[in-house]
Amino acid sequence: MLSRRFVRENPDAVREGLALRHNDDVDVDEILELDAEWRELKAEGDDLRHERNEISDRIGELKQAGREEKAQEAIERSAELKDEIDRVEERAARLDDELHERLLEVPNVPHEDVPPGEDEPDNVEVRREFFDDHDAPADPVPHYDLGEDLNILSFERGAKVAGGGFYFLQGDGARLEHALIQFMLDVHREQGYTDVFPPIPVDSEAMTGTGQLPKFEDDMYAIEGEDLWLCPTAEVPVTNMYSDEILLDDDLPIKHQAYTPNFRREAGEHGTETRGIVRVHQFNKVELVNFVRPEDSYDRLEALVSEATAVLDRLELPYRVVTLCGGDLTFASAKTYDLEVWAPADDMGYGPAEGGRWLEVSSASNFEAYQARRAGLRYRPERHESAESLHTLNASGLALPRVLVAIMEYYQNDDGTITVPEPLRPYMDGQAVIEGHDPVGEAAVGAGERE
RNA sequence: GCCAGGAUGGCCGAAUCUGGUAAGGCGCACGCCUGGAAAGCGUGUUCCCGUUCGGGAUUCUGGGUUCAAAUCCCAGUCCUGGCGCCA
């Protein structure tokens, strides 16, 4: 969250940031008024308390000296003050709570590099890789059809046990998923990342620390009867793992990677564009989380993008990097780059001239001190006596299902098989081609092909 | 789940029984001292308000008793140990 002091001293910067985001839910003037009123009441309450503290000290002295009558007078005065303090502070506390709640709903102020714009089409392309002589099949089958043809994907069975938006990976499909996870973890370990495996349920405090709560409650799965939510992204447990701690200057930068399943309700997000495994309720992801000194965070953001794209580079999948415009920027982020992989099968609106479409597989964001302030993440800078907020960043490295989509569509062969990208083969006992599996059960027998 | 013990500053730790200035140590920063350093001495090292200076809050959290709570009472959270259950 933004600090009270920052909002008080830079209201115009906050207003401009909101305008760039096309956010008109936040009323800065109202917040400033609340703040001014709260400060006035706090000063009043502090003065009253000061007076009462002095009287209280005197009572002790008078009692010691045996001057009961004087002491009794002071006790009466103290009781009067107590009532007055209760009145003033009750009002102050109400304003304080209100102010806190309002501030939790103020998004981060975008960095000056963030381009104007309302939505996806306004994002600015930074670079594009592997397009010059790409090797996509002429007429690729969409992953959802191919996956069921090969019996490596089953949506019906997923829906049977958990409902729509869940799916089974089967046989080589599941193997490819495992291979990708291990491959990504190995790539990032080479880049200096330390592995962590976090708890999957997270509490409300953690969700508030990274900014998912209070605004985005509807996107999360809640666990009934507990103050717990299913992890929507490893960003939540990993960023909060050092909450309310003070790290040493020597500890920084910290680079953690975490593989976790992620759960999102995605209410109202179903349609042709999300068919298959492009937008599902549960997906695996390797997440990169950085804790850095404030002065290093923008250099780190650039490096983070390279660390995430290294996976696509090694897989030789066509992709591009875009800078998100103000309107597309997420709540807690000051600047974000999206990594979009090319899925050639479905020619949809959001895609390159070659056809197909862009699929976001990672968002690399600098949150500056926004999350650190909410989560209580601090460090002690060298040659400073007191602790201050550090900066946090994260990027997916990468979200699995969409990478799987890209592989299935980009590396599919004319005979309906899929070539396993070279770097993944060591993780699949050297297997080079996914040929699919025979269907299981009576449905297979009655499938019609035989005379 | 049951029983017992515990939670004090960046860290360690005293004060809790017996309510009245949160001791001391370590680390770190600044200053003094020094040719320079070490040692030593002093100041500082959480949050909030206010211009220096000051004031307020803060002993896990929330209530209560009291003129006054780290201290007494109630509830909760977490940690440790023991028992139980369990992949």
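Just so you know, these numbers come straight off a predicted model, no measurement behind them. Order of the sequence lines fixes the chain letters, A, B, ..., with proteins taken first and strands second; residue numbering starts at 1 for each chain. Hydrogens, waters and symmetry mates play no part in the numbers below; they use all other heavy atoms, side chains included.
If you take atom C1' in B:C86 and the same atom in B:U16, they sit 39 Å apart, rounded to whole Å. Annotation: B:A29 and B:A38 have their P atoms spaced 11 Å apart (nearest Å). Taking atom C1' in both B:U71 and B:G20, one finds a spacing of 11 Å when rounded to whole Å. Taking atom C1' on both nucleotides, B:G64 is separated from B:G9 by 27 Å, rounded to a whole Å. Atom P of B:C2 sits at a distance of 10 Å from the matching atom of B:G76, rounded to the whole Å. When the P atom is compared between B:G63 and B:A57, the two are found 16 Å apart, to the nearest whole Å. B:C60 and B:A7 have their P atoms separated by 8 Å, given to the nearest Å. On the C1' atoms, B:A23 is 14 Å away from B:U59, given to the nearest whole Å.
Across every strand in view, B:A39 sits unpaired, with no contact that passes the Watson-Crick or G-U test at under 3.5 angstrom. In a base pair of the Watson-Crick type (N1 to N3 plus N6-O4 or O6-N4) or a G-U wobble (N1-O2 and O6-N3), with each distance short of 3.5 Å, B:C83 is matched with B:G1. When Watson-Crick and G-U wobble pairs are counted only if both distances are under 3.5 Å, B:A68 pairs with no nucleotide at all. Summarising the base pairing, B:G76 is matched to B:C60 through a Watson-Crick or G-U wobble pair whose two defining distances lie under 3.5 Å. B:C28 and B:G44 make up a base pair, with Watson-Crick or G-U wobble contacts both under 3.5 Å. Pairing for B:A15 is absent, judged as Watson-Crick or G-U wobble with the two contacts each under 3.5 Å. Base pairing of B:U21: no nucleotide in any strand meets the Watson-Crick or G-U wobble criterion (both distances under 3.5 Å). Base pairing of B:U34 is not made with any nucleotide, judged by Watson-Crick or G-U wobble geometry with both donor-acceptor distances under 3.5 Å.
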Tabulate protein N/O versus nucleotide N/O from nucleotides 57-63 of chain B, keeping only pairs under 3.5 Å, one per line.
{"residue": "B:A57", "atom": "OP1", "partner": "A:R49", "partner atom": "NH1", "Å": "3.3"}
{"residue": "B:A57", "atom": "OP2", "partner": "A:N53", "partner atom": "ND2", "Å": "3.4"}

All N/O contacts under 3.5 Å from nucleotides 69-74 of chain B to the protein, with atom names and distances to one decimal?
none

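Applying the 4.0 Å criterion to OP1 and OP2 of B:C49, one finds that A:R8 has a side-chain N or O inside that range. Taking only side-chain nitrogens and oxygens, A:H50 never comes nearer than 4.0 Å to OP1 or OP2 of B:G55. In this model, the phosphate group of B:U46 is not approached by any side-chain N or O of A:R378 to a distance below 4.0 Å at OP1 or OP2.
One atom, CD of A:E388, and another, P of B:U46, lie 12 Å apart when rounded to the nearest Å. Rounded to an integer number of Å, the gap from CD of A:Q72 to C1' of B:A68 is 13 Å. At whole-Å resolution of the value, NZ in A:K70 and C1' in B:C67 are 16 Å apart. In this structure, CG of A:D244 is placed 11 Å from P of B:G10, rounded to the nearest angstrom. Between the C1' atom of B:C47 and the CZ atom of A:R373 lies a distance of 14 Å, rounded to the nearest Å. For the pair A:D250 CG and B:C28 P, the interatomic distance rounds to 11 Å; values are reported in whole Å. Atom CG in A:D83 sits roughly 13 Å away from atom C1' in B:C67 (whole-Å rounding). The distance between atom NZ of A:K82 and atom C1' of B:G56, rounded to the nearest whole Å, is 17 Å.
Aromatic ring orientation, A:Y427 versus A:F183: perpendicular (interplanar angle above 60°, classes split at 30° and 60°). Between A:Y242 and A:F291, the two ring planes are perpendicular [angle over 60°; tilted spans 30° to 60°]. Using cut-offs of 30° and 60° for the angle between ring planes, the A:H281 and A:F166 rings count as tilted.
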Problem set entry | side-chain contact (heavy atoms from CB on, under 4.5 Å) assessment of A:L2 paired with A:V14 | CA-CA 9 Å; A:L2 303 176; A:V14 177; 4.2 Å; yes

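Side chain to side chain, A:Q282 and A:R264 fail the donor-acceptor criterion of an N or O pair below 3.5 Å. For the residue pair A:K335/A:S365, the side-chain donor-acceptor check at 3.5 Å is not satisfied. Between the side chains of A:Y337 and A:E302, at least one donor N or O sits under 3.5 Å from an acceptor N or O.
Comparing A:I246 and A:E51 by the nucleotide of RNA chain B whose heavy atom lies nearest to each, the residue mapping closer to the 5' end is A:I246. Residues A:W38 and A:A79 each lie close to RNA chain B; by heavy-atom proximity, the contact nearer the 5' end of the strand is made by A:W38.
Taking the six-membered ring for Trp, A:F283 and A:F263 have ring centres at least 6.0 Å apart.
Atom CG in A:D249 sits 4.0 Å away from atom CZ in A:R293 (nearest 0.5 Å). Put simply, CG on A:L390 and CD on A:E245 are 11.0 Å apart, with the number rounded to the nearest 0.5 Å. With rounding to the nearest 0.5 Å, the separation of CG in A:L99 from CZ in A:R94 is 14.5 Å.
A:R5 comes within 4.0 angstrom of the backbone, heavy atoms only, and of no base. Among the atoms of the strands shown, none is found under 4.0 Å from any heavy atom of A:R77.
Screening A:Y298, A:Y370, A:F367 against A:H111 for a ring pair (Phe, Tyr, Trp, His ring centres under 6.0 Å) leaves a single residue, A:Y298.
The side chain of A:I59 approaches B:G20 more closely than any other nucleotide in the set B:C49, B:G10, B:G20.
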